[in-house]
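Just so it is clear, the structure is predicted and the values come from calculations on it, not from any experiment.
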Amino acid sequence: MTYIETLKEVIRRLHGVEATHVETVPVKETFEGKTVWEGDVEVFDLHGHPSATRVYAWAHETDDPDNPKRHVTVLHVGPINSAVAAVRAAIVQEFRDAETEA
């Protein structure tokens with residue numbers, strides 16, 4: 001299964017709809033002069049989703065040997081209107097999740 005096919009399957013499982021790959025957007029997010037995230041965000045059109053017509057998706061390595069890869073999907077709703085905004089939202093969410101686990 002290719003990377004794009006894997007992301008489409010993740011989207012189907014998480015959001016219950018089919019997706020069509022539209023483009024790959026390179027994103028580099030910095031904070032106080034340091035790169036906090038850099039990678040490619042895959043953009044998909046959604047078919048039949050009740051609140052979003054698009055989703056941003058990517059995967060990244062983790063430090064967890066039981067789950068070495070994490071897939072991220074962010075719906076194109078509200079203030080999320082670009083790949084960059086999707087990455088920023090995911091970073092904020094991961095930071096909040098880490099705070100609640102501590």
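- For the atom pair Thr35 OG1 and Glu29 CD, the distance stands at 9.5 Å (nearest 0.5 Å).
- Taking each heavy atom of Leu46 and Ala19 in turn, the nearest pair found is CD2-CB, 4.0 Å.
- When all heavy atoms are compared, the tightest approach of Pro79 to Ala85 is O-CB, 4.0 Å.
- In terms of heavy atoms, Glu42 sits closest to Thr24 at OE1-OG1, 2.5 Å.
- When all heavy atoms are compared, the tightest approach of Ile11 to Ala57 is CD1-CB, 4.3 Å.
- With His21 contributing its side chain and Glu23 its backbone, the two residues share a donor-acceptor pair below 3.5 Å.
- Taking NE2 from His15 and CG from Leu75, the interatomic distance works out to 4.5 Å, rounded to the nearest 0.5 Å.
- Val22 and Phe44 get closest at one heavy-atom pair: CG2-C, 4.1 Å.
- Checked against Val74 for a side-chain contact (heavy atoms from CB on, under 4.5 Å), the options Val55, Ile80, Val41 give a single hit: Ile80.
- Contact check for His71 versus Arg13: no side-chain heavy atoms found under the 4.5 Å cut-off.
- The side-chain hydrogen bond (donor to acceptor under 3.5 Å, both in side chains) test with Glu18 is passed by exactly one of His47, Arg12, His49: Arg12.
- The OG1 atom of Thr2 sits 11.5 Å away from the CD atom of Glu9 when rounded to the nearest 0.5 Å.
- Considering every non-hydrogen atom in both Trp58 and Tyr3, the closest pair reads CA-OH, 3.4 Å.
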